[in-house]
Protein chains: 2
Amino acid sequence: MSDLSPPLLDAETAGTEVGHAHQDELRLWLRLLTCTNMIEGQIRSRLRADFDVTLPRFDLMAQLYRAADGMMMSEVSKRMMVSSGNVTLIVEHLLASGDVERQTSAHDRRAQLIRLTEAGRVHFREMASAHEAWIAGMFDGLTQKDIANLMKLLAKAKASLQADLSQHGSSADTPVVKKPSSRRSR
Amino acid sequence: MSDLSPPLLDAETAGTEVGHAHQDELRLWLRLLTCTNMIEGQIRSRLRADFDVTLPRFDLMAQLYRAADGMMMSEVSKRMMVSSGNVTLIVEHLLASGDVERQTSAHDRRAQLIRLTEAGRVHFREMASAHEAWIAGMFDGLTQKDIANLMKLLAKAKASLQADLSQHGSSADTPVVKKPSSRRSR
DNA sequence: AAAAACTACTTTAATCTTAAAATAGTTTGG
DNA sequence: CCAAACTATTTTAAGATTAAAGTAGTTTTT
């Protein structure tokens, strides 16, 4: 076991004020972060506990599940927004577990087509179904109206973020979302 | 440069329906994730670009900033909810950059007290100030009322999550938040 | 005061991620 | 057709994170 046994303390207990101008925005960000981390952490550990699978592998399987004819490595890399080197590694694990199969493209001998095996499809459906139930359970305390409101406000926030992002750095091919791996889907 | 140049595609464009029962919750989760990832990615890359500092180091400095008298390694570990092994490594980098100093506790020769150097305090203040401005900019498209509503709904979501969490796994010392490193603060 | 339990920290190993360099195959301009 | 440029992927190296094991010092129990 690790020596890590954190208290229920969460981000918002913190808050080092250096300036006071934009406290609310800061607090909002921290709360957003807390919620996301709680959910992501749960999904991650339940996937591991119940299915012995990592989140990146689940995400990749989700991508393939929707593409019955399979996908090129590069396509997967683009969709998951992770490097191709990373895709290579994840695919290797999934090949080993028999969830994925790989074949060289007929047209382009550089390109590799990967797709879920039949076992992989079955396996993914089980996981996806559990995953959906977990999330429903986590949001059980919200009404449908709460959920709708949250969706609306987060859409607005996202628009605001995109507006801000487009002003900054993104000069050319800068990865705009940056560390967006854990994309889940489903 | 990396070979990664992701399109503006984001999580919500995805969505592999395996069941249809709890679509809304799933979509809410994906949107939450997208927003968090966008913000976190921006903070991460701006910290690196503008101050040549990683997020964990910034987080650790934030913890120390609030503790004028310094803190034990274990205390930092608990607060950041990362393993002590991880803290050791991060502190080593901050020692090298001169932002942090370390001394053995007088009472307990196993324990190490770490604290920001004067240079570290100055350095942190600059970063924290920029950080606050970045976040304010990102939420610029929201009204104060939007922010207040979001805070309220997210508080409710958090409560729902905590209720769900307490039912699950957390039998004993299971890290309840699980992958809670990036805690930011300020 | 010695054994057992506990606490603080470090070390090691495994996984994941990114970046950069290397390799292999394809397309294009002259 | 051939060299140069481009594209797709793999490989390699470095950093971060987690878990687990190890080390050292302290407290508690008998």
Side-chain angles (χ1 to χ4, degrees), chain A residues 1-6 37 40-41 44-45 47-49 52-60 71-78 80-96 102-114 173-175 177-183, chain B residues 1-6 37 40-41 44-45 48 52-60 71-78 80-96 102-114 173-175 177-183:
Chain A
M1 242 280 139
S2 118
D3 55 2
L4 176 64
S5 177
N37 281 340
E40 179 161 341
R44 208 178 277 273
S45 70
L47 275 179
R48 190 178 295 274
D52 193 35
V53 100
T54 64
L55 194 43
R57 290 178 211 174
F58 177 70
D59 286 349
L60 198 153
M71 245 190 262
M72 295 299 153
M73 297 282 280
S74 56
E75 177 72 10
V76 177
S77 167
K78 243 180 290 184
M80 295 181 67
M81 297 199 237
V82 300
S83 71
S84 56
N86 197 356
V87 171
T88 300
L89 188 65
I90 297 171
V91 166
E92 265 161 27
H93 286 298
L94 291 173
L95 284 169
R102 179 163 59 175
Q103 68 187 84
T104 302
S105 161
H107 312 299
D108 185 341
R109 271 174 298 173
R110 299 166 306 172
Q112 302 277 321
L113 185 78
I114 55 178
D173 68 346
T174 315
V177 178
K178 200 47 215 240
K179 196 243 161 193
S181 37
S182 305
R183 186 137 267 78
Chain B
M1 245 278 136
S2 124
D3 54 3
L4 178 63
S5 178
N37 281 340
E40 180 162 338
R44 209 179 276 274
S45 70
R48 190 177 294 274
D52 193 36
V53 102
T54 64
L55 194 43
R57 290 179 210 173
F58 178 69
D59 287 349
L60 199 152
M71 248 191 262
M72 295 299 155
M73 296 283 279
S74 56
E75 176 72 10
V76 176
S77 167
K78 241 180 293 184
M80 294 181 68
M81 298 199 236
V82 300
S83 71
S84 55
N86 197 356
V87 171
T88 300
L89 190 63
I90 297 170
V91 165
E92 265 160 28
H93 286 297
L94 290 173
L95 285 169
R102 179 163 61 175
Q103 68 188 82
T104 303
S105 161
H107 313 298
D108 185 341
R109 271 175 299 171
R110 299 167 304 174
Q112 302 278 323
L113 185 77
I114 55 179
D173 67 345
T174 315
V177 178
K178 200 49 218 246
K179 196 243 160 192
S181 37
S182 305
R183 187 136 268 79

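Chain letters run A, B, ... following the sequence lines, proteins first and then strands; every chain starts at 1. Hydrogens, waters and symmetry mates play no part in the numbers below; they use all other heavy atoms, side chains included.
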Table of protein N/O atoms under 3.5 Å from nucleotides 11-16 of chain D N/O atoms:
| unit_1 | atom_1 | unit_2 | atom_2 | d |
| --- | --- | --- | --- | --- |
| dA16(D) | OP1 | R57(B) | NH2 | 2.9 |
| dA16(D) | OP2 | H93(B) | NE2 | 3.0 |

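Between the CG atom of L113(B) and the P atom of dA8(C) there is a distance of 13 Å, rounded to whole Å. Rounded to whole Å, the distance from CE on M72(B) to P on dG25(D) is 16 Å. Rounded to whole Å, atom C1' of dT9(D) lies 17 Å from atom CE of M80(A). In this entry the distance linking CD of Q112(A) with P of dT26(C) reads 13 Å, nearest Å. Distance, Q103(B) CD to dA8(C) P: 17 Å, rounded to whole Å. Between L60(A) atom CG and dT17(C) atom C1' the separation is 15 Å, expressed in whole Å. When rounded to the nearest whole Å, the span between NZ of K78(A) and C1' of dA8(D) equals 10 Å. Put simply, CG on L47(A) is 17 Å from P on dT15(C), counting in whole angstrom units.
In terms of the side-chain contact (heavy atoms from CB on, under 4.5 Å) criterion, residue partners of L113(B) (sequence neighbours excluded) are, by chain and number, M72(B), Q103(B), R115(B). Qualifying side-chain hydrogen bond (donor to acceptor under 3.5 Å, both in side chains) partners for E92(A), counting only residues two or more places apart in sequence or in other chains: none.
Between P56(A) and D59(A) the shortest side-chain heavy-atom distance does not fall below 4.5 Å. Looking at V53(A) and R48(A), their side chains never come closer than 4.5 Å, going by heavy atoms from C-beta outward. Counting only heavy atoms from C-beta outward, the side chains of E40(B) and L55(B) approach each other to under 4.5 Å.
We find the CE-CG distance between M81(B) and N37(A) to be 9.0 Å, quoted to the nearest 0.5 Å.
With DNA chain D read from its 5' end, the first of the two nearest nucleotides for R102(A) and R110(A) is the one closest to R110(A).
A close approach under 4.0 Å does not occur between any side-chain nitrogen or oxygen of R109(B) and OP1 or OP2 of dA24(D).
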